[in-house]
Amino acid sequence: MHPFSYVTVTRAGQAIDAAGGRAQSSFVAGGTTLLDLMKLNVETPRELIDINKVPLDKIEHAPGGGLRIGAMVRNSDLAWHALVREQYPVLSEALLSGASPQLRNMATTGGNLLQKTRCYYFRDTHCACNMRQRGSGCSAIGGYNRIHAVLGTSDQCIATHPSDMCVALMALGAVIHTQRAGGERSIPIDKFYVPYGEDPSKLNVLNPGELITAVSLPAMPYARRSHYLKARDRASFEFALASAAVVLDMHGEDIHAAHVALGGVGTKPWLSPEAADALRGKKADQAAFAAAADAALRGAHGYEFNTFKIELAKRVLTAALTHAAGMKLA
């Protein structure tokens with residue numbers, strides 16, 4: 001591990017001033033990802049700014065409805081919060097399917113948004129990885145790529161985004177609020193993550209020293225009809241091979257609107273407007289769900305060891321839609 005300085009702050013403004021817009025300054029809260037990467041010498045910040053005492057740990061009603069979730073809210077507290085479980089069950093289910101109770105007790109909302117990939121080659125500094133070192137190559141493309149992405153990939157990188165929470169937030173149309181030296185801004189989550197493209201090390205639109213302060217969820221009464229389903233190699237403490245977050249607005253048996261996002265298969269939490277379009281105005285049945293699954297994975301590209309993910313993701317999405325609609329699998 002490389003030497004670094006450490007400072008504790010108590011206000012968001014203090015944190016931003018301490019970071020000073022420097023790329024080598026990192027905010028630390030739960031540390032469930034950052035500290036692991038520092039031990040592996042994948043992340044080598046020169047300054048750590050501890051934000052655990054910054055008062056961003058509230059879950060509150062937002063003006064005009066919805067919820068505002070502080071960036072320091074722990075995953076366990078968010079998952080078990082009564083309003084979340086009642087109004088946005090897909091988010092609670094996603095959080096409870098991730099990591100372990102111990103990690104959920106430490107991990108924060110803001111930190112979850114910034115999770116780094118679990119790609120073996122990214123975490124091994126002896127391997128070529130464009131995400132870790134631009135221009136070095138991508139060992140995963142010709143290597144063992146069973147856990148890697150089939151959506152959003154490029155010839156530069158095929159690493160999968162690991163979060164469960166963010167898949168649910170994508171389906172719910174969350175907005176991410178930040179603070180920086182130039183002021184505050186609000187970023188829709190579907191604009192937050194960027195394509196890997198020519199520079200896979202650039203994962204999102206944040207600038208150096210920009211601090212996530214909150215996440216807001218829109219008022220969405222029909223989000224009570226939602227579900228998160230995750231397929232993985234073992235029943236706990238395992239990342240998704242494929243997952244789906246779905247929200248359905250139904251009038252009787254007809255689907256008035258749908259929101260669909262996939263996890264475990266994309267280079268980011270993967271919003272699928274194609275699946276939503278395929279469902280809109282249709283009767284909720286297995287034919288409609290299968291058509292939506294086909295639409296969601298139409299652009300997928302598999303590699304030597306992960307082509308199975310395409311069919312798996314279709315089946316996971318179909319099952320999630322079936323559950324959300326209150327139906328039984330055929």
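Here, residue 1 is the first one in the sequence, and each next residue gets the next number.
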Please table the atom pairs, donor to acceptor, closer than 3.5 Å between any side-chain atom in residues 208-215 and protein atoms at least two apart or in another chain.
from	atom 1	to	atom 2	distance (Å)
E210	OE1	R185	NH2	2.9
E210	OE1	N207	N	2.9
E210	OE2	T178	OG1	2.6
E210	OE2	R185	NE	2.6
E210	OE2	R185	NH2	3.3
T213	OG1	H177	O	3.2

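Distance check, rounded to the nearest 0.5 Å: OG1 of T117 to CD1 of I158 gives 10.0 Å. In this structure, the separation between CG on L78 and CZ on R85 is 12.0 Å, given to the nearest 0.5 Å. Atom CG of L317 and atom CG of L312 lie 11.0 Å apart (nearest 0.5 Å). Rounded to the nearest 0.5 Å, atoms NZ (K191) and CG (N204) are 15.0 Å apart. To the nearest 0.5 Å, atom NE2 of residue H61 and atom OG of residue S216 are 14.5 Å apart. In this structure, Q102 CD and S76 OG are separated by 9.0 Å, a value rounded to the nearest 0.5 Å.
With contacts defined as side-chain heavy-atom distances shorter than 4.5 Å, the pair R123/R118 qualifies. A 4.5 Å side-chain heavy-atom check between E238 and D233 finds at least one atom pair inside the cut-off. Residues I69 and L217 are in side-chain contact: their nearest non-hydrogen atoms beyond the backbone lie under 4.5 Å apart. Looking only at side-chain heavy atoms (C-beta outward), V247 and R225 stay at 4.5 Å or farther from each other. With a 4.5 Å cut-off on side-chain heavy atoms, C166 and L113 count as touching. Using a 4.5 Å heavy-atom threshold, the side chains of I255 and D249 count as separate. Residues L241 and F308 are in side-chain contact: their nearest non-hydrogen atoms beyond the backbone lie under 4.5 Å apart. S25 is listed as a side-chain neighbour of I49, based on a closest heavy-atom distance under 4.5 Å.
None of V42, L35, L40 except one satisfies the side-chain contact (heavy atoms from CB on, under 4.5 Å) rule with M38; the exception is L35. When the options S243, S97, S92 are evaluated for a side-chain hydrogen bond (donor to acceptor under 3.5 Å, both in side chains) with Y228, the one that passes is S243.
When all heavy atoms are compared, the tightest approach of L34 to S26 is CD2-CB, 4.2 Å. Minimum interatomic distance between A159 and M131 (heavy atoms only, all atoms of both residues): CB-CE, 3.9 Å. Nearest heavy-atom pair, S154 versus Y303, reported as atom, atom and distance to 0.1 Å: O-OH, 4.4 Å. Residue A245 comes nearest to V167 through the heavy atom pair CB-O, 3.7 Å, listed as atom of the first residue, atom of the second, then distance. Closest approach of I147 to K309, counting heavy atoms only: O-NZ, 2.8 Å. Here the closest heavy-atom approach between residue A288 and residue L279 is recorded as O-CD2, 3.8 Å.
The residues R298 and E274 are annotated as not salt-bridged, no charged nitrogen and carboxylate oxygen being separated by less than 4.0 angstrom. Between K283 and E253 there is a salt bridge, since a side-chain N of the basic residue sits under 4.0 Å from a carboxylate O of the acidic one. Salt bridge K230/E93: absent, no basic N to carboxylate O contact under 4.0 Å. Taking 4.0 Å as the cut-off between side-chain N and carboxylate O, R280 and D254 do not count as a salt-bridged pair. A salt bridge links K314 with D294: the distance from a Lys NZ or Arg NE/NH1/NH2 to an Asp or Glu carboxylate oxygen falls below 4.0 Å.
Cluster annotation: M250 and V90 are assigned to distinct hydrophobic clusters (Ile/Leu/Val/Met/Phe/Trp/Tyr, side-chain heavy-atom contacts under 4.5 Å, transitive). The hydrophobic clustering, which links ILVMFWY residues whose side-chain heavy atoms are closer than 4.5 Å, places L169 and V194 together. No continuous path of hydrophobic side-chain contacts links L262 to Y196 [ILVMFWY only; heavy atoms under 4.5 Å]. Under the 4.5 Å side-chain contact rule for hydrophobic residues, F239 and W270 do not share a cluster. Under the 4.5 Å side-chain heavy-atom criterion for grouping Ile, Leu, Val, Met, Phe, Trp and Tyr, V54 is not connected to V73 through any hydrophobic cluster.
Between the side chain of S272 and the backbone N or O of V260, no donor-acceptor pair lies under 3.5 Å. With hydrogens and angles ignored, the 3.5 Å screen pairs no side-chain donor or acceptor of N105 with any backbone N or O of L103. Judged purely by atom type and a 3.5 angstrom limit, R104 has no side-chain atom pairing as donor or acceptor with the backbone of A107. The backbone N or O of A223 sits less than 3.5 Å from a side-chain atom of S226, completing a donor-acceptor pair. Looking at N130, its side chain never comes within 3.5 Å of a backbone N or O of C157 through a donor-acceptor pair.
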How far apart are the C-alpha atoms of L206 and F192, what are their side-chain angles, what is the distance that settles it, and do they pass the side chain to side chain contact (heavy atoms under 4.5 Å, CB included) test? CA-CA 8 Å; L206 292 182; F192 182 73; 3.7 Å; yes

Can you list the steps and then say if N41 with T125 is a side-chain hydrogen bond (donor to acceptor under 3.5 Å, both in side chains)? CA-CA 7 Å; N41 289 322; T125 56; over 6 Å; no

Please walk me through it: do F4 and E47 pass side chain to side chain contact (heavy atoms under 4.5 Å, CB included)? CA-CA 5 Å; F4 59 89; E47 301 166 295; over 6 Å; no

Under the side chain to side chain contact (heavy atoms under 4.5 Å, CB included) criterion, do S5 and L48 qualify, and how do the steps go? CA-CA 6 Å; S5 64; L48 281 188; over 6 Å; no

Checking side chain to side chain contact (heavy atoms under 4.5 Å, CB included) for the pair N52/M72: CA distance, chi angles, key distance, verdict? CA-CA 7 Å; N52 280 288; M72 290 299 300; 3.5 Å; yes

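Other residues, nucleotides and ligands place no more than 12 heavy atoms under 6.0 Å from the NE2 atom of H126. By the 6.0 Å contact criterion, CZ on R46 is open, its count of non-hydrogen atoms from other residues, nucleotides or ligands being 12 or less. Heavy-atom contacts from other residues, nucleotides or ligands closer than 6.0 Å to CZ of R22 number more than 12. Shown here is K202, whose NZ atom has more than 12 heavy atoms of other residues, nucleotides or ligands within 6.0 Å. Counting non-hydrogen atoms of neighbouring residues, nucleotides and ligands closer than 6.0 angstrom, the CZ atom of R315 reaches no more than 12 such neighbours.
A donor-acceptor contact closer than 3.5 angstrom links the side chains of Q115 and N112. A side-chain N or O of Q286 and one of T322 form a donor-acceptor pair less than 3.5 Å apart.
A perpendicular orientation is assigned to the rings of H161 and Y193, their planes being inclined by more than 60° (bins at 30° and 60°). Relative orientation of the Y121 and H148 rings is tilted, given thresholds of 30° and 60° on the angle between their planes.
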